[in-house]
Every structure is written in structure tokens, then in C-alpha cells.
Amino acid sequence: SEDFVPVRDINQELVLSVPGLLSKLVDHATRLPYNPRFPSTPSEIDHWMRFIDDHISDELALGEVMTNESYPGGFVADPCTSLVDDLTDRVEVLYILGLLLVGKQRKQVQHSLADLQLIPKLSSLFDSFIWRSNGGRQRSRLPGHNQGCECSPEIALKIQLLRLIHSFCDHSEYKHLLMSRCEWNELGRIPPSPAPAVLRLEACDGGMVVAEPVFPPPNPLLMCRGSRGLLTKIVEVLKKEPSSSTHRFWLSRAVESYLRGGTSHQDQVFLLRRGLLQHITASLIQTDSRHKETIQSSFDLLGEMVKFSFEACRQMDAILNTESKLKKAMTMVNNNLIDSNMFIRAMVLAAGHFISAGGEPAEFARQSRLMKNFREFEKHVKFVVHLVSILKVTDLTQENVSCLNTSLVILMLARRDDKLPCLLHCLVKFGNSLLSNLRCLLKFWQEHYLHKDKDCITLEKRDRKSTRLNSSHARYL
């Protein structure tokens, strides 16, 4: 029923109607000073152990139990309990703020949190964190914990903070608050792309050309202080964290969320200049042991960075400059199709876009060994075969349904280039079961997306293809 309103939306509206609640939550989660912190103490766990040692020594010296507030206005307890309560409260408040950024009220909450200076406050709190990469020596792990274990009192806080940043940036007009003022000025000096991303609507949709989004200048009072914004700080931590780090997943997700939505050439170049693409590419081909979550988040981030970006694709081509490196990269892509499908989609779209743009981008797309793996018709056929083969309608999840979308993008590009009959003829060679499975998947897509305008619009914005994903394409297929 159109009159049905989810209970979640009702509850969110009620919570947000409480005067001053958001302001109190933001101040509570980001308050400083952040404890325990001591000068010249290398690792996070060392700070906690020193705090406990000092507390025990003071109690022994005084001969009585010490008490204090866990935070101004909080419960009175012994210092250790107060410290743990303070940390737990911060985690819970960050989690609540993240929940308020999901659902019908998302835009309103993004606006309110921006006005409350959430981002510069999170940036200051981020400075207090100690990561494995900058923590110096590590203490011995507890019995029963493996060598790579990252158990620490603050791990939940770091993850919830990164999740909150991810939710705040998701299709947000306030994402540039993650920059400092000087970084925003740098963004404005980045020259335009030789192959700008545009969305050409078909005649039935008006035939207009939609250019890259233009973001209004952010309010300087709401931006990060100093020379480095929160985005740059996250990138620097990501580049230094070990490949086995638990945090890499959410660090990558936060940056990916910043890039997601309409393609922004300036944002992509800004991150290219900070060595992010080189780091992510190298980490995928140089590390022997990888976690599935890290592979997926790395490929998704790469997909956002190379999406219609001539500079990013050219830089990746230069990084994979030997046959062995390129082979290892493509092996990673083909052996992890569910995790890499967003990257495949971005590269296929980029190759077609560069050729359509002409000039230097078209020449690069035709000559590059990397782009050859995503440009050639035979490669497209193989991608469709492999992606469709690993999917079943009964097994579709939020994790693997993007493989169906990637297959559909390739089919639509083939239709645009008048190659769809040839592509379908090639699929026949792989048996009727493949075509039957493809038909079932396309039928599912039609029922799922064509009756959910929001999902369709989101897919269009992510891909910004030269042929729009609309009902006429799906029904034709």
C-alpha cells in the first residue's frame, strides 16, 4: 500500500523531533580530551596499561578506592570503570548517529550534522587515534589469540566512527566538508578532464546531456581545520595500515562513499595525487594473504576512482607496466568476480567512454594493454558468461546482485553498439542452460528495479552511461 509507512521512519521522525538531541549526541561522541593518552607512549594498548598501572599505584599509596565521573554529568565510579563507560558511550552514540543517517530522514540528518560541525569535530577526534601503522612495538597477544589479532579497547570506536563517515558521505552534498579550506582551493585548481563524464539521455527521455555535478562551495566554518582534512587523514592511515588490518575495510569504504554518486573528476584527481590508486593497486597484486572483505572493498574503491577517469586509468596502466603485474592483476579480477565486478563495470564503461570521446583518450584505450582486457568484444562475452554462471535467482543477495547489474550494463552497451545479436549468438555456444539462467535473471531485474524508481535512479547515477538504464532497454533484452 502507498499509505504504508515503515516503523523505522516513524521512530526516526520522533527521535529527531526531540529539541537539541542531535547537538548533544555530536558533542558527547566527539568531546575532547580523549583518554587515556600519555606523551611518548607508542601503542594504544600501552596507554591503557599505563593508565591501569598508575591507577593501581595511586590506590595502593592512598589506601582507599578512588572515584570520579566517567564524563561531565556521568556516573561516579572508579577511574578504570569510568574510562570504559566513557568509551562504550562514545561507541553507542556514534552507532545511533549512523542509524539516523539511514532511511527517509537521511538528507535532513546530513544537513543538521553538517551545521553542527560534526566533520571538523570527528577530524579532531581522529587525530587522537593510534593505528597499528603508527603504534610502534606491539605487546604479546593474549593466549588463544592469533598473531594478527587486533583486539583492543578502541577498535569498536574506530569502526563506528568510520561507519558514520561512510553514512554521512553517501550521496551527500556536504561531503566536501571532509576537506580543509586549502584542499578545497586545490580542488578548484584541478583542470577539467579531456574526456568528461556525461549522461546522454535517449530521445524518449528528452535527449538532454547531463554533465558532471557542480558542487557549491562549502561553508568554511563547517570544514576541517588546518592543512589536512579528514579525507586526507583517512587516506594516509589506509596507505600505512598492514594488508591484514581489520580497519582497511572501513577505511576503504569511507573513501568509496565519498566518491560514490555522480562522477567528480576533481575529487578523483585529488585522491590520485595522494597516491591512493597506486597503493590500492599494489596491495592487491603484492600481498599473498588477503581477506575477502579487504579484496571487495579495495576493488569497489578502485572502481569509483577509475570510473570515466582518463587520468586514473592511465595511472593504473603505468603501475601495471609489466606482463607479470598485469597478469597477476587480471587473475585477481577473474578469480574474485563477485568482489571485483564493480571494478569490471567501471573499466568496461571507461573503455567505451574513452573511445567515444576521441583524441588522446581514444588512442590510449586502443593502445593500452590494461584497457584491452575491458575493451574487446570477446572479453565482454567472457565477463557475461562468467558473471551469469555464478548467479542463480534463488541465491541472489545484496552482495552478489551487483554482478547481475554489471552483466546488464555490458548487454546494454552491446545493444548501443548494435552488437547485442552477436553477443547473444556467442552465448548460445555455452549451452541453453546459460541462456535460460540469463533470462530468469533479467526477469528478476525487471520485476525488482522497474517498479522501484529509487533503485533505478541510483544505478543510473553510479554508472552515468551514455545509454540510460530504463524500462525500454530492459524490456528489449
Side-chain angles (χ1 to χ4, degrees), residues 197 238 243 248-249 251-261 263-264 267-268 271-272 276-287 290-320 325-354 364-365 368-376 379-380 382-388 390-391 398-413 458-459 461-465:
L238 175 59
S243 59
R248 285 188 67 90
F249 175 83
L251 289 163
S252 298
R253 281 283 181 249
V255 181
E256 181 214 342
S257 181
Y258 174 87
L259 287 172
R260 193 187 303 155
T263 304
S264 173
D267 286 323
Q268 290 170 320
L271 292 171
L272 287 177
L276 181 60
L277 184 138
Q278 182 173 1
H279 167 74
I280 298 296
T281 304
S283 68
L284 282 171
I285 65 173
Q286 292 177 359
T287 307
R290 307 172 186 86
H291 298 286
K292 173 180 169 57
E293 294 78 8
T294 302
I295 294 174
Q296 182 182 10
S297 60
S298 297
F299 272 123
D300 287 351
L301 177 53
L302 281 179
E304 291 297 331
M305 292 196 70
V306 302
K307 187 171 62 177
F308 300 113
S309 174
F310 174 52
E311 288 81 358
C313 289
R314 186 168 56 180
Q315 186 177 119
M316 182 176 287
D317 184 69
I319 295 169
L320 304 174
K325 290 180 181 178
L326 182 58
K327 182 179 179 180
K328 195 167 185 178
M330 292 309 303
T331 299
M332 281 289 296
V333 169
N334 294 318
N335 288 350
N336 300 275
L337 284 176
I338 292 179
D339 299 326
S340 66
N341 87 90
M342 295 295 293
F343 172 72
I344 293 172
R345 187 193 310 179
M347 292 296 287
V348 168
L349 288 168
H353 175 66
F354 298 157
F364 165 75
S368 165
R369 292 184 303 168
L370 170 65
M371 301 307 293
K372 179 181 179 181
N373 291 280
F374 303 95
R375 181 193 74 242
E376 294 183 340
K379 303 292 185 182
H380 293 183
K382 288 183 178 180
F383 282 137
V384 173
V385 170
H386 292 152
L387 289 169
V388 171
I390 61 177
L391 296 176
Q398 202 158 8
E399 180 184 7
N400 64 22
V401 73
S402 61
C403 295
L404 173 56
N405 293 334
T406 298
S407 302
L408 191 57
V409 165
I410 296 175
L411 292 171
M412 289 182 171
L413 287 176
T458 300
L459 190 59
K461 286 182 177 179
R462 285 184 68 90
D463 297 332
R464 292 189 83 78
K465 293 167 47 275

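All values below come from the heavy atoms of this structure, side chains included, with hydrogens, waters and symmetry mates left out. Because the structure is predicted, anything quoted here is derived from the model rather than measured.
- Taken from CD in Glu304 to CG in Leu277, the straight-line distance is 12.5 Å, to the nearest 0.5 Å.
- Two residues are said to be in side-chain contact when any heavy atoms from C-beta on lie closer than 4.5 Å; Leu320 and Arg369 fail this criterion.
- Between Leu337 and Thr406, the closest side-chain pair of non-hydrogen atoms is not below 4.5 Å.
- With rounding to the nearest 0.5 angstrom, the CE atom of Met342 is 10.0 Å from the CD atom of Gln296.
- Of all heavy-atom pairs between Leu387 and Ser407, the closest is CB-OG, 3.3 Å.
- Under the rule for a side chain to side chain contact (heavy atoms under 4.5 Å, CB included), the partners of Arg375 that lie at least two apart in sequence or sit in another chain are Ala351, Ile355, Lys372.
- For Ser298, the side chain to side chain contact (heavy atoms under 4.5 Å, CB included) criterion is met by Ile280, Leu284, Thr294, not counting sequence neighbours.
- Taking both residues in full, the closest heavy atoms of His380 and Ile410 are given as CB-CG2, 3.7 Å, listed atom of the first, atom of the second, then distance.
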- Give the intermediate values and the outcome of side-chain contact (heavy atoms from CB on, under 4.5 Å) for residues Val409 and Val348. CA-CA 9 Å; Val409 165; Val348 168; 5.5 Å; no
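- Although no hydrogens or angles enter the test, the distance criterion places no donor-acceptor pair under 3.5 Å between the side chain of His353 and the main chain of Leu349.
- Applying the side chain to side chain contact (heavy atoms under 4.5 Å, CB included) rule to Val385 yields the partners Val381, Ser389, Leu427, Phe430, Leu434; only residues at least two apart in sequence or on another chain are considered.
- The ring pair (Phe, Tyr, Trp, His ring centres under 6.0 Å) check on Phe299 picks up Phe343, with sequence neighbours excluded.
- Across every non-hydrogen atom of Asp339 and Asp300, the tightest pair is O-OD1, 3.9 Å.
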- Worked verdict on Asn373 versus Val333 for side-chain contact (heavy atoms from CB on, under 4.5 Å): CA-CA 11 Å; Asn373 291 280; Val333 169; over 6 Å; no
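- In this structure, the separation between OG1 on Thr281 and CE on Met305 is 8.5 Å, given to the nearest 0.5 Å.
- Applying the side-chain hydrogen bond (donor to acceptor under 3.5 Å, both in side chains) criterion to His279, with sequence neighbours excluded, gives Arg248.
- In this view, Phe364 and Phe310, Cys313, Arg314, Asp317, Phe354, Ser368, Met371 satisfy the side chain to side chain contact (heavy atoms under 4.5 Å, CB included) rule, not counting sequence neighbours.
- A distance of 9.5 Å separates OG in Ser340 from CD1 in Ile295, rounded to the nearest 0.5 Å.
- Formation of a donor-acceptor pair under 3.5 Å by the Ser257 side chain with backbone atoms of Arg253 is not found in this model.
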- Under the side-chain contact (heavy atoms from CB on, under 4.5 Å) rule, what do Leu301 and Leu238 come out as? Steps first, then yes or no, please. CA-CA 12 Å; Leu301 177 53; Leu238 175 59; 4.3 Å; yes
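- At least one side-chain heavy atom of Phe374 sits less than 4.5 Å from a side-chain heavy atom of Met330.
- Looking only at distances, no side-chain donor or acceptor of Glu256 sits under 3.5 Å from a matching main-chain atom of Leu302.
- Annotation for Glu293 and Phe249: closest pair O-CD1, 3.3 Å, computed over non-hydrogen atoms.
- Between Ala346 and Lys307, the shortest heavy-atom distance links the atoms CB-CA, 4.3 Å.
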- From CA spacing to verdict: side-chain contact (heavy atoms from CB on, under 4.5 Å), Asn341, Asn400: CA-CA 9 Å; Asn341 87 90; Asn400 64 22; over 6 Å; no
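- Crowding of Gln315 atom CD: a count of heavy atoms from other residues, nucleotides or ligands under 6.0 Å exceeding 12.
- Lys325 and Ile319 get closest at one heavy-atom pair: CD-O, 3.5 Å.
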